[in-house]
Structure formats: structure tokens, C-alpha cells
Amino acid sequence: MAALLEVSGLKAFYGQTQSLYDVGFEIPMGGITTLLGANGAGKTTTLRAICNMVRTDGTIRFDGKNIRGMATEEIVRQRIAHVPEGRGTFTTLTVDENLRIAAYTRKDKQAVKDELERVFVYFPRLKERIQQQAGTLSGGEQQMLAIARALMLKPRLMLLDEPSFGLAPLIVLEIFRILRRINEEEKVSILLVEQNAALALDLATHAYVLETGKVVMSGPSDVVKNDENVRKSYLGY
Amino acid sequence: MAASSKKWVLGAIVFAVLVPLLQPVFPDVVSNYRLFLVSTMIIAAIAVLGLNLLTGFNGQFSLGHGAFYAVGAYTAAILMDKLNVPYWATIPAAAIVCFIVGYLFGLPALKLEGHYLALATFALALAVPQILKYKWLEGLTGGVQGIVLMKPEVPFGLPLSEDQWLYYFCLLVMIVLFWGAANMLNSRSGRAMMAIRDQYLAADTMGIDTALYKTVTFGISAAYTGIAGALSASAIAFVAPDSFGIFLSIKFLIGLVVGGIGSLLGSVLGGIFYVLVDNSAQSLTQFIRNDLGLPFDLSAYTVFGVLLIAIIYLMPMGIAGGLYMAYRKLRGARA
Amino acid sequence: MEQLLQQFASGLANGAIYACVALALVMIYVSTDHINFAQGEMAMFSTYISWQLMSWGMSFWIAFILTVIISFAMGVLIERLILRPLHNAPVLSIIVVFIGLLAIFNSMAGAFWSYLIKEFPSPFPKADFGIAGVIGPHQLGVVLVTLIVLGLLFAFFRYTPLGLAMRAAAQNPQMARLVGVRVDWMLALGWGLAASVGAVAGIMVAHIVYLEPNMMGGILLYAFASALVGGISNPAGAVAGGFIVGILENMVAYAGNQIEKATGVYIIGNGEKLTVALIIVIFVLTVKPAGLFGRVVVRRV
Ligand SMILES: Nc1ncnc2c1ncn2[C@@H]1O[C@H](COP(=O)(O)OP(=O)(O)O)[C@@H](O)[C@H]1O
Ligand SMILES: [Mg+2]
């Protein structure tokens, strides 16, 4: 399978402090890949590095093209959607506006409308709240909104930063089911960052484990799942 | 470094004291008008020093120091005009009044940081001329007309011209005030002031009464600038509301930025600088109009504005700071 | 009674002007966290541009529209060339640059057009416009024009994708980038719009206060008061604040007049209007920093 995203020798810095050292991984076209690691391992930083939200060094190839150093908004326009840590809700905008903002460059009004309808198929709950101020949504709804907004970008690759964070288990399951559907039906490749390793390994086909800014292990999910260290450290048995 | 800079300062003072005595020798170079001009530079330096104490050493912004300058000037003018107080006695009076006014303004200022303090003081600067025209105060302030005063007389039958005497008087006040400021900054209180500027939270936990220091600094800063105002009332022998508008405060700001934010001697440079530009702009305009034949009035404020922006881009430490950095670089290169 | 009504109407007209300038201030504030101390002088400069265009023979409204466009470009350029490189600079540097701009615009206007006071025309017909004894033709015109401009602006922000992108960029620039919004350009556009709205205010008020380089000083102070009353990060509040302050100002002066008439004691009048604004500014900043409609709290120490 051809790789959609290839990352190699990636380093990232916050000011003078380095947070990533020589990170490398590949995301296969159409697959779901997960990036695991303890708190502070550098997962969020990796996603930020892909979108040039931190200072980086190394190579990041998307669809064969080096995108490292491009402005964040240009990277997004290559159809990489980033669902950030904390969901990034535009709290004072309505749900409708939160979704439309992702389509603001598109001239065709009808197409945007169709796009919205398509997104609502996955998230009927958002349709009910379409005129509500997004800041008043529940945590789970805001997470759905963030994913729905990412979908509005018609992404080829979706980066998700801990979508389960702070949500009730039932909601998490619902969101993960939706993610699987999005992956299959929309042909969106996914890079999923999670602390909930069990769930992530079930969903993903490939897994990478990050420790203090370095990839320490990688392989097909099944293999990683059965690794003794992973089991002890991340799965808790 | 400290010893050698002390020598320089002493040398400069001796030079400054001797200059008027050269008047008989070089009557064209050291004219009365020039001495008067230097007096206004000294006054400007004191005003800028006042602003620098607040902004440079304590980290509080003010775009409204013209207000304290006005209070100082009017205090002096009213005392001289209504109560026949001698001009020299108006200096401490203006200092006290401005300290109180500054301290009081410092209280609400405690709640404001950065932009908001700048906004509040900017608003103050805009409103000052109108406040000075307030009808109830007219009896004291003379309303729009202002107050016409007498120039300070030469005391003790000294063989000096009025301008020479004014020069010495301003010089004396400046030396005392700079000496006071230098001592204060070197004391525990001065270090506390700067600690507040540098690390607000740390200062709080070090047991420094931040609120007290900030308000008192506001008062002292206002007193310094107010003394400058009082001196200017004596020097110009006239006060009127419209000379205390926003542009006066802008002059202090240019003095502060040019001289260097947080530099004592820089305040002198800054004061000299803005008076110099203010004065030469007129002759430049005449040059442009008469010699170049262009219908264009070059205002000092165009120069000020361009400089303010240029300095922020090129020399964020001010001209004094920039020169010092260059000097250090040179020495570093040699070593 | 008639006098009161007239005072109210003229307060409304002034309020419309303050609303425009306040909105300009707020537009820049919400997207960059900066208070543009040069906003008033930019508006004054724009007004001179329209005066120049008219003196070259253009009709009022053509000059008006051209000036609004030129001002827009001027705002965009200032943001891109002067402020953008400083986006990580400390607050003091930014303030100094704004004061520098203020001084430049003020002195350049004086240099190009002299400090002599100029008459500025009103485009509204003297007869058949306004309501006799209630509101004069120019006052009515000012209120109408500013309401139209404000309406257009709100429609732009509310209903167009670009307006939405600008709001998003102001609210959460990081996230806006992540949905492909070119945030830097949104800030520049915001500056452009602010300069345009300021130009409208300047052109409308110049007939009332006469054209001169210092004509916006007092109005800027009022606009600050308006923006603060409405909540400095709330555009709709700024507009409401403008009208509130405009009417309040005239009512205070009116009340002062009545008191003087009744008791012979002068307390407050037209001469204290700026002082009233100063008190509003300091009061709101220290006591109620979120403004009347309290939305976002001003950051305080
Ligand atoms: N904004 C920041 N500034 C400085 N250091 C940061 C910042 N964000 C994260 N870090 C540091 O980078 C490292 C990786 O953090 P992060 O990528 O957020 O970890 P994770 O998402 O895996 O929990 C940590 O040591 C963290 O302290
Ligand atoms: Mg994280």
C-alpha cells in the first residue's frame, strides 16, 4: 500500500526546548493509524508539527510532496484536517457557522449545502442544534462538531488528537463507530492520537508508540497489542 | 564602569556650570537665547526623567504625563500670581501637589495593565486642556487666556542676565533631581521598583508591597514631571491650557524612547533631543519653503512619528541603549 | 421640551459618529488585542483626502466612496507593512508605534493642507430634509448614513463567508488556520474596514466640527468611552455605546444648562464634555471593565 503521509527525522521545538527527536512513521492510504504514548510523550506535538504549528526540522511528505514549512492554512488546503486537542470550538459562533467556516473558500453555495447534509448523516445530533451557540454544546457534542467541521474540509487525511478525552464511555464508543464509518465511506485516512490505547488499537490497523519524543515501537495493531511492554504500560494488564 | 561614568557626569556638570561664563568670550556661540534654549532642554530632561521612573523603571505606561506637567505648571503659576510666592518656592509646592495627584491617579491605575493603562492616561491627556478651562477654576487659572507671569529675577545682585540665572537655577534643580533618582534606584526601594517591572508575580511573593510601590512610584514620577512643569511656568512666564494637550505627552514619549526606556542619562539625551527637533523643524520648514520652494510645512511631529516607529524597529533600547550596545560590541571585538 | 428634543437629536447624530469610530477601534481590538491610538487621526486624514477630491471637482458622494476605498487600502497597508512585523513585540512597542502613526498623520495633514480651519460641505439638502424643530438636515443625514454603513457592515460579518472567516480568525486564530483561513490577511482586512468606517465618521462629522488636523481628538476620546461602555470586545455593544454616550453627553450638558438657568450656578456644560468622557473611560476601566453588556472581561492585573 502506498503511503499517504511519510514522516522522517522529524524534530520539533518550543522555543529553545526540543520536544521531538527523530520521529518517523508512515500512514498508509485509506488506513487508520494510531499514535500511542504517555502524557507528555509528544503526541500532540507530532500533530502540530505536521501542520507547522511548531518549529520543526526533518521531512514531512504528503502524497509525495514535502509540506514541511508550508503555512498552516496552506497545509490544511492540501486537505489535511486537524481536530485539535481541546476541540477548538469557535464558542461564540453557531454550530452552523462552525461548520461553514471550513468551507468558506468554496464559491458553490449548493455544494456547501450538500456537504452539510452529508456531514449531518454522521452527526444527526448537530443538525438539531444547528442554530445554537457552539459554546453551549456538551463536551461530546463539541467533539462531534470538531470532527464534522474537519469533514467539511473534504479531507484526505484526518488528524485526531485524543477525541475521547473527558467524555463518557458511551459517547466515546459512538464517536469511534462514526470514525470507522468515515474512514470506510469517505475514504479518509486517519491518524488517531489516543491515551485510551485499547480502543485505539481496536480501531487502527497500524500503531506507533511514542516515548519522550521518539518512536519506540511500531507495527500492525495486533502485534503491538500483544507486546508485553505495551500491555503493561498502556493497556494495564 | 561606575567610577568612570561618575567622572564623566562630574565633568559634564563642571562644563555646564562654566558655559555661561564663556558668554563674554564667545558672545555669538553662547547667546542668551541659546542659554534659554538649554534651560528648556533641562526642563524637558526632568519631565522625561519623571516618565522614565514610571515606565522605564517600574513598567507602568503613561501617555498622559502632560497632565502632571500641567498641574505642576499651574500650581506654580497660581502660587506666583495669586499669593506672590517666589518662583523657587513653587518647585517644592508643585512637587507635593503633583505627588498627591499622581498617587491618586496611581490607585485606579493599579487595576490596569499595558494597553488599558495607556488608554486611561491617553484619555487624561486628551481631556487636560478642557479641564484647565473649567469655569469654576477660571478665577484661579485664568481660563482660556491663561496666566501671564514675571520672569525670575536674578537674586543677591549677582552679575548675571535673567537667562543666565534661569539656566543655573534649572541646572541646579536637574542635578538635585537626577542625584535623587540615582540614589533612589540604587536603594532597596529602587530594586523593588524594578523587581515589580521585571517579574510582577515574583515581586509579589518576595514580600514587596506591589500596590504601595506602584502608587508611590506614580506619585514620584508625577512629582518629577510636575517640577518640570513648574520650572517651565517660570521660564516661559506664561501658562495657557492649550499648550498642555496630547502632543506634550507625545513629546515626553519621544524623549523616553529616544533616550532609552530605563536609562537615567538617556532621559537627558531624550529631553535635549526633542527640544532640538522641535526648534529646528521651524528652520527646516523655512528652508523647504523658501529655498526649495515647496509648499510643505515640515512639522517636528513628522520627525517624531517617523523616529518613534524607526526606533522600535531598529533600536528597541533607544538611542542611548543602542549606542551602549554598539560600544560594547566594539569593545568585545577588540578584546 | 423642544430644546430637549433637539439636544436628543444632536446627541443621536454625535452618537452615530462615536459609534463608527468605536466600532473601528473594537474591530482592531478583537482581532489583534491592540488599541489603535491613531484611529482618530487616520479618520481625520481620510477626511482631508475627501476634501481634496472634492476640491478637484468631484461630487460629494463620489469623493465619499473613493475615500472609503482609499482608506481601506491605507488600513490594509499599515497593518501589513508596519504592524505585521511587530506581531510578537511587547505592548509598549506597539503603543509607541501607534503614537508614532498618530503624530505622522496629524503633522502630515497639517503639512499638506495647513492647520487653518476649513469649512466642510454637507451633502444633505437644506430644505425638505430633517424635521423642523426636532432634527436638522445634516444631523438626520449623519444618522441615516452611519446606520446604513453599520447595517452593511453587520450584514457582511453575519452573512458572508469572508465575514465569518474574519470573526473566526478574531476569536481563535489557531483554529481558524486549521480550517484554512488565512488569518494574517483577515487581520489586514479588519484594519482596512476599520479605516473605512473611521473615514465615514470623519467625513460625516467634518461639517459639524469643521475640518482641521486636530478635529478627531475629542471624538476619539468619546469613541474610547463608547467602546468601553459597550464592552471593548463587543462590536454591537460599541455601536450601542456610541449612541448611549452621544445622547448622555448632550443630556448632561442640557441638565447643566437647566440647573444654571434655575439656580444661577454653573456646574457642567458644553465645556466639560471631554471631562465627562474621561470619567467614563476611567470609571468603566476600573469598575466595570466588561462594559454595560458585559461579554468578555478585560484582562486585569
Ligand atoms: N506550548 C508548549 N510550550 C513548551 N513546551 C511544550 C508545549 N506544549 C508541549 N510542550 C512540551 O512538549 C512535550 C510533549 O508534549 P505533548 O506533545 O503535548 O505531549 P502529549 O500530547 O503526548 O501528551 C512535553 O514535555 C511538554 O511539556
Ligand atoms: Mg496531547
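Keep in mind that what you see is a predicted model, and the values were worked out from it rather than measured. By convention in this document, chain letters (A, B, ...) are assigned in the order of the sequence lines, proteins followed by strands, and residues within each chain are numbered from 1.
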Practice item. Side chain from CB out, backbone as N, CA, C, O: work out which of these in C/F37 comes under 4.5 Å of a heavy atom of chain B, or both, or neither. Key: both

Exercise for review: Calculate, to the nearest 0.5 Å, the distance between atoms CG and CD1 belonging to B/L253 and C/I99 respectively.
Suggested key: 6.5 Å

Exercise for review: Check whether any side-chain heavy atom of C/L221 sits under 4.5 Å from a side-chain heavy atom of B/F122, and report yes or no.
Suggested key: no

Practice item. Find the distance between OH (B/Y116) and CG (C/L228) and round it off to the nearest 0.5 Å. Key: 8.5 Å

Check your understanding: Quick one: what part of C/F105 sits under 4.5 Å from any heavy atom of chain B, side chain, backbone, both or neither?
Key -> neither

Point to revise | Region of C/L92 in contact with chain B, defined by heavy-atom distances below 4.5 Å | key: both

Study note, to complete from the structure: Nearest heavy-atom approach of B/Q130 to C/K273 is OE1-N, 3.3 Å

Point to revise | Nearest heavy atoms of B/L126 and C/L274, plus distance in Å | key: O-CD1, 3.9 Å

Point to revise | Between CG on residue B/L107 and OG1 on residue C/T286, distance to nearest 0.5 Å | key: 10.5 Å

Exercise for review: Quick one: pull up CG in C/N214 and CD1 in B/I246 and give me the separation to the nearest 0.5 Å.
Suggested key: 10.5 Å

Point to revise | Option in B/G59, B/A310, B/A118, B/S249 with maximal non-hydrogen atom pairs under 4.5 Å from chain C | key: B/A118

Practice item. Report the distance from atom CG of C/L285 to atom NE2 of B/H115, rounding to the nearest 0.5 Å. Key: 12.5 Å

Practice item. Kindly say whether C/L102 contributes a backbone atom to a donor-acceptor pair with the side chain of B/Y301 at under 3.5 angstrom? Key: no

Review point. Atom CZ in B/F61, atom CD1 in C/I95: separation rounded to 0.5 Å?
Key: 5.0 Å

Check your understanding: By a 4.5 Å heavy-atom criterion (distance strictly below it), what part of C/V97 contacts chain B: side chain, backbone, both, or neither?
Key -> both

